Number of protein chains: 2
Amino acid sequence: MTKPLQDIVIIDLTHVLAGPFCSNTLGDMGAKVIKVERPVLGDDTRQFLPFFEGESAYFAALNAGKKSIALDLRAPADRDIFERLLDRADVVLENYRPGVMERLGYGWEDLKKIHPRLIYGVVSGFGHTGPEAGKPAYDLVAQARGGVMAITGEEGGNPVRVGASIGDIIAGMYLTQGVLAALVQRDREGYGAKVDISMLDAQIPIQEHALALASTTGVSPVPTGARHPSITPFSTYRAADGFFVIAAGNDALFVKMCNAIGRPELATDERFVTNATRTANVAVLKRKIEVATLEQPRDHWIEVLEAAGVPTGKLQNMGEVMQDPQVLARHMVVPVKPRPGGGPKFMASGNPIKLSTMEEITVREPVSKLDGDRAEVLAWLEAAKGETAR
Amino acid sequence: MTKPLQDIVIIDLTHVLAGPFCSNTLGDMGAKVIKVERPVLGDDTRQFLPFFEGESAYFAALNAGKKSIALDLRAPADRDIFERLLDRADVVLENYRPGVMERLGYGWEDLKKIHPRLIYGVVSGFGHTGPEAGKPAYDLVAQARGGVMAITGEEGGNPVRVGASIGDIIAGMYLTQGVLAALVQRDREGYGAKVDISMLDAQIPIQEHALALASTTGVSPVPTGARHPSITPFSTYRAADGFFVIAAGNDALFVKMCNAIGRPELATDERFVTNATRTANVAVLKRKIEVATLEQPRDHWIEVLEAAGVPTGKLQNMGEVMQDPQVLARHMVVPVKPRPGGGPKFMASGNPIKLSTMEEITVREPVSKLDGDRAEVLAWLEAAKGETAR
């Protein structure tokens, strides 16, 4: 089968997380990703912990299968190579601070004159417009300023960081969407586009509930721990061997839950008869549920609750996720091939986009060393000489 | 300007969050979204709090600008309308439990015989394959079982839910990406595709760091509150009027930070000279930083830290985010027009995908009442009679 992005060429100047996350997804769908790194050090994340057999497992998680070439974009010989890459490119991705590419002569305004069908995708802390265009940001800054930390944490406690780096990742996902939409448009209309994604912007659509609340009531929501602020029971509960969740969103499910955990008397307790009274008495209800659930392990409760039709699930750490039969059946944790001649065999995420037109990814291509594909990339450019790109 | 997805028609059977989040993004990029709702009640979220002038602001946040028609897919007259919609559709989206569409006669295997160019996008709790295909899930179940709760929360405390509904939203974003890639492929190759997204699957790629750690060290990471587990200072700090973040990722930035907050002696304290010693003494360092920062408001510290080149930012709640000048300059919070003849004027998120080929969205189209566009949709079908779709 042909992959959806077969023959699409991505010249990827991005480093760290948001940009490489985007090109990883595009690569999964068949694009050829040529990662252009700075000489000597390459992408910062080649030095990020954890290491495995002398190489960064963090870098591997985001960059397996990409071709690496190291180029100094101020050196004439390397600029020549870069410009030959641009001749073959469908998409250029970069996450420099605004102005850097312009000073190199490779800003969008310059490039589009020579490459009118090129798609130019950028991700930055605050975007390329507005009073703070050009300021750097980190995941933590985007999470803090964008509002998500203010709704994450223990009830009555301090805001905490979302454990996943969603300040970067949501922005990287929007970059992917913008690039793909621009490809659809280019194939129809014949012209490329600049896609300008801001990490701060990207935090806002994902808080649809907080925005609806703040804009209609004037009151901003606050952290509510593991529970839903207005549905009860809808939280984590303790079993004998760890946490699991119960999501009993209405009165009928609550009655089923009470019976399933062997506490039918809770269903008729006047403190718990409606969702409103359950929410008003959430702490005492939680204690009463846990008196029951602490007696047996999670698997027991999940079995009886599922049999009763009550939505439930284990709270798993990553080690448990990696052993989850459903995760494994969907190939969501896959090995990375070692390089020919030797290199670490990492594990990485699978491809979450399951397409009927594409073979499942069950193993990832190797992680390239810095500049490890220079000869291959140059040979590919040479072979393509004379062909019309795009 | 032509929008990237101009003339693309989406028949959207999804409800609640993941699916509507996807069609909202596709609509922002120009697709025509026809929301097919069940009669009488429509999308569940039409009943979700908060309400504003008698209508759900939650529903409005995700569905402004979509056309609504109520159809009973078991009733012959409505099935006829639905099939005429399919004749015009580029994309069908649904989030029923697996098997529901098949029983209605509208499963992918049936539809692709009649509509070989149709793209069929589905999002479900666990996907359409694997031992748990078909089980329902909620955001809380995906967050718990997918691992993100196990790395979110206070240090040494209990796991908490990510305040944004990323169990649904990440899956919705992958559905958007899959549909767009399938559109690229269809325009090139001539055939449609089924896109099968699982909420559980979608949680795994976003935990690139946890997966790298667990797979190489065998140890699963745990919550670390607001701070980075291995970089210091990289956390929230208290100012006189609230929290802000400092992200001083190396020794040089730490020295700049100490000088900027008027505590140069911290930079030479042997407990804080390297990142490793700062991380080992993170609690005492935090107290010493806050002795200084509690004396002045956040704006003061952000000004002096930015002047010193130290990455920083306010921790904002949604009310503050909605007033942030950079957010406003990028049109990331926009009004929703009232319906002709009257209806609430909501606020909603702007479009985070800024494309040079598309006008900025500065106001959203009205929120339709359930079945409110029936006549318009039928007239559109009538006018298109005889035209060749796609």
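Protein chains get the first letters and strands the later ones, always in sequence-line order, with residue 1 at the start of each. Remember, it's a predicted structure, so these values are computed and weren't measured experimentally.
Residue B:V148 touches chain A through its side chain alone, counting heavy-atom pairs closer than 4.5 Å. If you measure heavy-atom distances from B:L200 to chain A, the contacts under 4.5 Å come from the side chain alone. Heavy atoms of A:K112 lying under 4.5 Å from chain B are absent altogether. With a 4.5 Å cut-off on non-hydrogen atoms, B:I170 touches chain A through its backbone and its side chain both. With a 4.5 Å cut-off on non-hydrogen atoms, A:V333 touches chain B through its side chain but not through its backbone. At a 4.5 Å heavy-atom cutoff, the contact between A:F243 and chain B is made by side-chain atoms alone.
Annotation: salt bridge (charged side-chain N to carboxylate O under 4.0 Å, His left out) contacts involving residues 214-229 of chain A, sequence neighbours excluded, comprise A:E155-A:R227. For residues 204-213 of chain A, the pairs satisfying side-chain hydrogen bond (donor to acceptor under 3.5 Å, both in side chains) are A:E208-B:Y58, with sequence neighbours left out.
Under the 3.5 Å distance criterion, the side-chain polar atoms of B:Q316 are matched with a main-chain donor or acceptor of A:R145.
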- Message: The test is salt bridge (charged side-chain N to carboxylate O under 4.0 Å, His left out); show your working for A:K3 and B:E189 and say whether it passes.
- Response: CA-CA 10 Å; A:K3 290 185 176 181; B:E189 309 283 345; over 6 Å; no
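Interface check for chain B: of the options A:A329, A:A61, A:G313, A:S215, the most heavy-atom pairs under 4.5 Å are formed by A:S215.
For the residue pair A:R330 and B:S198, no side-chain donor N or O sits within less than 3.5 Å of a side-chain acceptor on the partner.
With respect to A:D324 and A:K314, no salt bridge is recorded, no charged nitrogen being found less than 4.0 Å from a carboxylate O.
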